[in-house]
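Input: a single structure, listed below in structure tokens.
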Amino acid sequence: MHRRFIAPGALAASLALLAIPASAADFSPGAPGIGDPYYPASGNGGYDVSHYDLRLKYQPVTDLLEGTATINARTTQNLSRFNLDLGLKVSEVRVNGKKAKFAKTGDQELEITPAAGLPKGTSVTVVVRYAGKPSELKIGGYTAWHRTPDGGVAAQEPEAAAWWFPSNDHPLDKATYDVSVSVPDGTQAISNGVLQSQSSRLGWTRFNWRSNKPQASYLATLAVGKFDITTDKTESGLPVLNAYSKDLGDNAGAARASIERTTEVAEWLETVFGKYPFNALGGYVPNVKSSYALETQTRPFYSPAAFANGSNASIVVHELAHQWYGDSVSVHHWKDIWVNEGFARYSQWLWSEKEGEGTAQELADYVYAQRGADDPFWTVKPGDPGPDKQFHVAVYDRGALALQALRNEIGDEDFFAILKGWPQQFAYGNAKVGDFVKYAEKISGKPLAALFDTWLYEPARPDAPTARDAGFARSSAAPAKPKSWKQIAATNGVHDHGDGRGDKHGARQGRGHKH
């Protein structure tokens, strides 16, 4: 131990300082945004959430949602104040058991001032009581809440949480979830993960769901309505739960014929991407008017209109591929959307290859030949498309072209090792496009920056010699349309929210929303 002499006067001064609590000047408000360049107001700073416990009551007839959210978090700075994202009306907030002051600013910022400052690195429990009608809530001019004839549904990207629970609403802050929902008898509540229990009392039934792996807030989902439910288990013991609204009409058969293949598709994807990363499988189809689908964690959301032209296993492949690419490994910022969508689209190409309906190479040749040099498709940069083009078809198709170019450059052995190794390397975390490039270079032992620059970042169609070098357009003859093209292309429409705000999931002013 190193000792040093302290003069009596200095010692007295030191003890006096210890007796004085940290000055308010040492504490500052958490940032109102997490720092995403596309959506500066998304998420919040100053803390990191580990768990959400949501206890909800929902009345389908009136669309009234009442909730108590208990949030476990840890501070990342000395906090005098912090924000949560929530659009519904708040009646009370407690921080570490004590009542806290709160105020609403803008469409969805809930500013919370605890009774005392919160030192950096300490555990914090926040309880928020709130209520409202989600369908009447507009944030940025739109709603992520779907009103249905028998209830309501929360499913949207990049934001949906603010319509039904308070959160740090950005993929950088992932957490586990317990979602307990009370609904009138005869109605069901569907959420993520495993149904832990179900009980009825005085005309109400409570459903308790648990999602036990880190989950981004936009991937949390809630669907209340009257469903036909099928349950099963995979060979490895994973519970499978699929739910279909009872009033899907002519689309009911095609929806079931597609989604009941979930286990088969997931088991095939395990051969490509490695072990399935979560505690449950499934999907659900509520009676909504939208036409898109979304990879809500463990239980993707599908619109009935996605099956208007018949069954489509390719869309199930796409949404389940996201469980590895997008859900387990999530974007660092929304500019990294290619690490979600390019891979989900490429998985559809691989499924086509497996089904004998066109190889990934044939699909790549067809995409390249279809789009002339003057097509605006080539001006979109999948590696950084911008918030207004975040879900443009180029992020999908050109994004998949980049992967086929990589496959041709490094060979199947290294390519499929990368597809399987990447979700293990970044499991339950976040990653950037650049992280993937570095990982691919590490596994293949080849410099790949120029290849990715050409296919992900150049705002122009790669010329014919460049395309031939990448393994495309080696014949002067126009490539034939692969048999799978129609089903794959049908999922482009599935990525359009139909609200006039963008492509796949659309984009809205200041923030955005997906498929």
Self-check item: Ile410 and Leu448: CA distance, side-chain angles, deciding distance, side chain to side chain contact (heavy atoms under 4.5 Å, CB included) verdict
Solution: CA-CA 9 Å; Ile410 67 176; Leu448 298 168; 4.1 Å; yes
Quiz item: How far apart are the C-alpha atoms of Ser484 and Leu363, what are their side-chain angles, what is the distance that settles it, and do they pass the side chain to side chain contact (heavy atoms under 4.5 Å, CB included) test?
Solution: CA-CA 9 Å; Ser484 62; Leu363 285 157; 3.8 Å; yes
Exercise. Would you check, one step at a time, whether the test side chain to side chain contact (heavy atoms under 4.5 Å, CB included) holds for Gln156 with Tyr142?
Key: CA-CA 11 Å; Gln156 188 57 278; Tyr142 91 106; 3.6 Å; yes
Quiz prompt | Pair Gln188-Val183, side chain to side chain contact (heavy atoms under 4.5 Å, CB included): steps then yes or no | solution = CA-CA 7 Å; Gln188 292 115 325; Val183 294; 5.9 Å; no
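Within the 4.5 Å cutoff, side-chain heavy atoms of Val194 are placed close to those of Gln196. Between His318 and Glu341 the shortest side-chain heavy-atom distance falls below 4.5 Å. The shortest side-chain heavy-atom distance between Pro171 and Trp334 falls under the 4.5 Å cut-off. The shortest side-chain heavy-atom distance between Asn208 and Gln198 does not fall under the 4.5 Å cut-off. Counting heavy atoms from C-beta outward, Arg345 and Ile488 have side chains that approach closer than 4.5 Å. For the pair Gln215/Asp327, no side-chain contact is recorded, criterion being any heavy-atom separation below 4.5 Å from C-beta on. Side chains of Trp209 and Tyr177 form no contact here, defined as non-hydrogen atoms less than 4.5 Å apart. Within the 4.5 Å cutoff, side-chain heavy atoms of Leu269 are placed close to those of Ser347.
Note that the OH atom of Tyr325 and the CH2 atom of Trp422 stand 8.0 Å from one another [nearest 0.5 Å]. Rounded to the nearest 0.5 Å, atoms NE2 (His322) and CG (Leu294) are 8.0 Å apart. Between the CG atom of Asp397 and the OH atom of Tyr368 there is a distance of 15.0 Å, given to the nearest 0.5 Å. Here the straight-line distance linking atom OG of Ser211 with atom CG of Asp178 works out to 9.0 Å at 0.5 Å rounding. Remark: Leu350 CG to Lys354 NZ distance equals 11.0 Å, nearest 0.5 Å. A distance of 5.0 Å separates CG of Asn430 from CG of Leu172, quoted to the nearest 0.5 Å.
Relative ring orientation between Phe307 and Tyr302 is described as tilted, the plane-to-plane angle lying within the 30° to 60° band. Under the 30°/60° scheme for interplanar angles, the aromatic rings of Tyr428 and Phe278 are found to be tilted.
Judged purely by atom type and a 3.5 angstrom limit, Ser328 has no side-chain atom pairing as donor or acceptor with the backbone of Ala427. Looking only at distances, no side-chain donor or acceptor of Ser245 sits under 3.5 Å from a matching main-chain atom of Leu248. Here the side chain of Gln323 pairs a donor or acceptor atom with the backbone of Glu319 at under 3.5 angstrom. Of the possible polar contacts, none joining the Ser217 side chain to the Ser167 backbone as a donor-acceptor pair under 3.5 Å is found. Side-chain atoms of Tyr276 come within 3.5 Å of backbone N or O of Ala280 as a donor-acceptor pair. At least one donor-acceptor pair under 3.5 Å links the side chain of Asp173 to the backbone N or O of Val49. No side-chain donor-acceptor contact under 3.5 Å links Arg261 to the backbone of Ala313. Checked by atom type and distance alone, the side chain of His51 pairs as donor or acceptor with a backbone atom of Thr176 at under 3.5 Å. Remark: side-chain polar atoms of Trp455 are not paired, donor with acceptor, to backbone N or O of Gln404 under 3.5 angstrom. Without hydrogens or angle criteria, Thr454 side chain to Ala450 main chain gives a donor-acceptor distance under 3.5 Å.
One finds no salt bridge joining Lys438 and Glu441 here, because no Lys/Arg side-chain nitrogen approaches an Asp/Glu carboxylate oxygen to under 4.0 Å. Salt bridge status for Arg407 with Glu353: present, with a side-chain N to carboxylate O gap under 4.0 Å. Checked for salt-bridge contact, Lys226 and Asp150 miss the test: no charged N lies under 4.0 Å from a carboxylate O. Salt-bridge annotation for Asp336 and Lys432: absent, with no side-chain N of the basic residue lying under 4.0 Å from a carboxylate O of the acidic one.
Judged by the 6.0 Å distance and 45° axis criteria, Arg74 is not positioned over the aromatic ring of Tyr47.
The six-membered or imidazole ring of Tyr292 lies near that of His146, with a centre-to-centre distance under 6.0 Å.
Counted by atom type alone, Gln348 and Thr491 present one or more donor-acceptor pairs between their side chains at under 3.5 Å. For the 3.5 Å distance criterion, the side chains of Asp469 and Thr466 fail to qualify, holding no donor opposite an acceptor. Glu260 and Asn242 form a side-chain donor-acceptor contact under 3.5 Å, judged by distance and modelled atom types alone. Residues Thr263 and Thr234 have side chains that never bring a donor and an acceptor to within less than 3.5 angstrom of each other.
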Between side-chain atoms of residues 374-383 and protein atoms elsewhere (two or more places apart, or another chain), which donor-acceptor pairs fall under 3.5 Å?
residue, atom, partner, partner atom, Å
Asp375, OD1, Phe377, N, 2.8
Asp375, OD2, Arg371, NH1, 3.3
Trp378, NE1, Arg371, O, 3.1
Trp378, NE1, Gly372, O, 3.3
Thr379, OG1, Pro376, O, 2.6

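Of the residues Trp351, Phe415, Phe416, the one that meets the ring pair (Phe, Tyr, Trp, His ring centres under 6.0 Å) test with Tyr346 is Phe415.
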